[in-house]
Amino acid sequence: MSGAEHGDVEPGGDAIVTTAWQLAEAEGWAAVTARRLAEHAAVDLGALYERFADRDAVVAAVAVRGFADLAAALTAARTAADSPAQVWPAVMAAYLDFAYTNPEVYDAMFAHTPDLTLGAEQAPETVAATFDELRAALAPLSAGRDPDTLAELGWSLLHGMVMLTRGGRLRPEAQDQRESLLTTHLFPPL
């Protein structure tokens, strides 16, 4: 489910998370204040604070949902691939599509929530599910290498490409070439 599909009003805190996602993507995280969030989610400020202790808790909830949506997109891409050789390119494309389509949510997932790390003792299930999908896509290409390390490397490369591209630090005209190299040369199909 993408950020655009979060338009349905959901019960309790889910409506608040949906609204925070939408506000952040439309206007940036600075626009996601408690007062605006309560107003746009059609809840009173007291109800907002009953569900979320502070703005950081809202950002963390959006990030957890972002990881769930990213994991679902990766699963869909992996299972829809026509052949084993197409799995990694399909998963890579789904990852990049999510990151570029939802930049503020992606920032919430990776820049604004340092506690949501894979190595953390209490990492949310959605973070692990995202890693598991990357691992599943790359494990067939491991050729005797540690699949977890290969998944970490793949994730690192994708994340670095997203952040450098969004920051305008990479040549836009070479994006397709970078993606091709990542699928066929760094992680070639066996």
Side-chain angles (χ1 to χ4, degrees), residues 1-8 10 13-29 32 52 56-81 86-142 147-167 170 175 178-179 182-183 186-187:
M1 179 185 305
S2 72
E5 293 173 72
H6 286 290
D8 299 332
E10 299 154 332
D14 287 344
I16 296 167
V17 173
T18 297
T19 302
W21 179 307
Q22 293 168 341
L23 272 175
E25 287 301 345
E27 302 178 38
W29 280 108
V32 183
F52 299 99
D56 289 344
V58 173
V59 173
V62 170
V64 168
R65 181 174 301 165
F67 276 111
D69 286 7
L70 177 56
L74 300 180
T75 300
R78 181 178 55 79
T79 58
Q86 292 304 309
V87 171
W88 171 243
V91 166
M92 186 185 85
Y95 184 99
L96 295 174
D97 181 57
F98 178 90
Y100 295 136
T101 302
N102 304 286
E104 295 295 329
V105 172
Y106 191 84
D107 284 349
M109 294 162 61
F110 292 102
H112 302 309
T113 51
D115 294 338
L116 298 181
T117 61
L118 186 61
E121 287 182 29
Q122 298 296 322
E125 191 175 305
T126 60
V127 177
T130 299
F131 180 79
D132 290 345
E133 283 303 320
L134 291 169
R135 185 184 190 281
L138 285 167
L141 308 177
S142 63
D148 287 337
T149 302
L150 195 61
E152 290 170 343
L153 178 61
W155 197 346
S156 299
L157 290 168
L158 290 172
H159 179 70
M161 188 160 44
V162 166
M163 298 310 289
L164 291 169
T165 298
R166 283 181 46 206
L170 299 177
Q175 183 71 14
R178 283 190 295 275
E179 290 179 26
L182 187 54
T183 58
L186 293 175
F187 298 113

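Since we're looking at a predicted model, the values are computed, not measured.
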Would you find a donor on one side and an acceptor on the other, under 3.5 Å apart, between the side chain of Ser142 and the backbone of Leu138? no
Which atom names give the shortest non-hydrogen contact between Ala61 and Phe52, and what distance separates them? CB-CE2, 3.7 Å
Looking at CG of Asp107 and CD of Glu25, how far apart are the two atoms once the value is rounded to the nearest 0.5 Å? 8.5 Å
How many angstroms lie between atom OG1 of Thr130 and atom CD of Glu125, to the nearest 0.5 angstrom? 11.0 Å
Please verify the inter-ring angle class for Trp155 with Phe110; under 30° counts as parallel, over 60° as perpendicular, anything in between as tilted. perpendicular
Are Thr101 and Tyr106 packed together at the side-chain level, in the sense that at least one heavy-atom pair is separated by less than 4.5 angstrom? no
Minimum heavy-atom distance Thr126-Ala71, with the two atoms named: O-CB, 4.4 Å
Just by distance, do the side chain of Thr113 and the backbone of Ala60 share a donor-acceptor pair under 3.5 Å? no
Using every non-hydrogen atom in the two residues, find where Arg78 and Ala137 come nearest and quote the distance to one decimal. CD-N, 4.2 Å
Is any side-chain heavy atom of Leu158 less than 4.5 Å from a side-chain heavy atom of Met92? yes
I'd like to check the side-chain contact (heavy atoms from CB on, under 4.5 Å) partners of Leu157; sequence neighbours left out, ordered by chain and number. Leu153, Leu182, Leu186, Phe187
CG (Leu170) and CE (Met163) are apart, to the nearest 0.5 Å, by 11.5 Å
Intermediate values then yes/no, side-chain contact (heavy atoms from CB on, under 4.5 Å), Arg65 and Asp69: CA-CA 6 Å; Arg65 181 174 301 165; Asp69 286 7; 4.1 Å; yes
May I ask you to test the Trp21-Glu104 pair for a side-chain heavy-atom distance under 4.5 Å? no
Between atom OH of Tyr100 and atom OG1 of Thr165, what is the distance when rounded to the nearest 0.5 Å? 3.5 Å
Closest non-hydrogen atoms of Trp29 and Val105, given as atom of the first, atom of the second and distance, are NE1-N, 4.4 Å
Taking every heavy atom of Leu116 against every heavy atom of Ala63, the minimum-distance pair comes out as CD1-CB, 3.5 Å
Without swapping roles, check the side chain of Asn102 against the backbone of Phe98 for a donor-acceptor pair under 3.5 Å. yes
Closest non-hydrogen atom pair, Ala81 against Ala90: CB-CB, 4.5 Å
To the nearest 0.5 Å, what is the distance between CZ on Phe67 and CD on Glu133? 14.0 Å
Atom pair OG1 (Thr149) and CZ (Arg135), whose distance is rounded to the nearest 0.5 Å: 10.0 Å
Leu134 and Trp88: CA distance, side-chain angles, deciding distance, side-chain contact (heavy atoms from CB on, under 4.5 Å) verdict: CA-CA 8 Å; Leu134 291 169; Trp88 171 243; 4.1 Å; yes
